[in-house]
Every structure is written in structure tokens, then in C-alpha cells.
Amino acid sequence: MTFKSLPFEPRVLKATEARLQRIYDAARLGLKGDALALAAGMLPTEYNRLCQMDPIADMAARKGKADAEMELSGYMLEAARSGDAKAALSILQHRHDWTAK
């Protein structure tokens with residue numbers, strides 16, 4: 001019986017600027033969890049470990065989500081101001097917990 005040695009190179013996890021940008025971009029598109037990790041070019045376990053080792057990685061994901069929410073909220077508010085009753089009602093119901101009596 002012969003044994004073969006498998007080459008193994010551990011992947012280095014660092015919160016480089018490029019990696020943080022990929023995390024931010026994926027989160028801005030609305031991806032979460034495993035999908036965010038895979039879109040950012042990491043395995044889900046690597047992403048979780050990176051977030052534990054370096055909190056700036058988690059902050060990049062939160063910032064991406066917040067920026068997307070702010071942009072889309074602006075569109076909804078502009079639509080409501082322009083007379084879109086459905087947009088106005090949606091804002092009232094989902095942001096201000098308004099219900100019709």
C-alpha cells in the first residue's frame with residue numbers, strides 16, 4: 001500500500017481592503033449568512049471566523065445593509081412625496097406601525 005501526501009496550504013484570513021469591499025458589496029445587495037460569505041469569496045466558516053477575529057468585517061456587512069436601506073428608503077419617500085399613495089401607505093404601515101381603523 002502506498003501513501004500519497006496531499007498538498008495543503010491553509011488559507012490566511014485577513015480583513016484586507018478588497019475582502020472588506022466584497023463583504024460590503026454583497027451585504028448591500030441584500031445577501032446574508034452563507035450567501036454573503038460565498039459571494040464575498042469565502043467559505044461560510046471562514047466568514048464567521050473572520051467576523052470573530054476582526055469586528056471590522058462584521059461592520060462592513062452592517063454598513064452595506066444600512067447604506068442599501070438608506071438608499072431604498074429615499075426612493076420610497078420620494079415616491080410618496082410625488083403622490084404615490086401605495087408608497088405612502090407602505091411607509092406608514094411598515095415604518096410607523098400605522099393601521100387603518
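Because only heavy atoms are used, hydrogens play no part in the values below, and waters and symmetry mates are left out as well, while side chains stay in.
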Nearest 0.5 Å please: distance from the CZ atom of R19 over to the CG atom of D54.
11.0 Å

What heavy-atom pair brings A15 and L20 nearest, and what distance separates the two atoms?
O-CD1, 3.8 Å

Quick one, I91 with W98, criterion side-chain contact (heavy atoms from CB on, under 4.5 Å). Give me CA distance, side-chain angles, the key distance, then yes/no.
CA-CA 9 Å; I91 291 170; W98 180 84; over 6 Å; no

d(M59 CE, C51 SG) to nearest 0.5 Å is 11.0 Å

Note, Y47 side chain near D34 side chain (heavy atom, < 4.5 Å):
no

In plain terms, say whether R62 and E69 are close enough for a salt bridge, that is, a side-chain N and a carboxylate O under 4.0 Å apart.
no

Between Q93 and T99, is a side-chain contact (heavy atoms from CB on, under 4.5 Å) present by the stated rule, with each step listed?
CA-CA 6 Å; Q93 289 174 334; T99 56; over 6 Å; no

Given side-chain contact (heavy atoms from CB on, under 4.5 Å), test L50 with D58 step by step and report yes or no.
CA-CA 8 Å; L50 181 62; D58 185 49; over 6 Å; no

S90 side chain to K86 backbone, donor-acceptor under 3.5 Å:
no

For A57 and I23, the nearest pair of non-hydrogen atoms, with its separation, is O-CG2, 3.8 Å

Do M53 and K14 have side chains that get closer than 4.5 Å, going by heavy atoms?
no

Only counting residues at least two apart or in another chain, list the ones meeting side-chain hydrogen bond (donor to acceptor under 3.5 Å, both in side chains) with E71.
R28, Y75

Using a distance-only test with no angle check, is there a side-chain donor-acceptor pair under 3.5 angstrom linking N48 and Q52?
no

Would you compute the distance between atom CZ of R22 and atom OG1 of T16 and round it to the nearest 0.5 angstrom?
6.0 Å

Nearest non-hydrogen partners of A39 and A26, listed with the distance:
CB-CB, 4.0 Å

Where the side chain of Q21 meets the backbone of A18, is there a donor-acceptor pair that is under 3.5 Å apart?
no

Which distance, rounded to the nearest 0.5 Å, do you find between the CG of L38 and the CG of L43?
7.0 Å

Please say whether more than 12 non-hydrogen atoms of neighbouring residues, nucleotides or ligands are located less than 6.0 Å from CE in M76.
yes

Do R81 and L77 have side-chain heavy atoms sitting under 4.5 Å apart?
yes

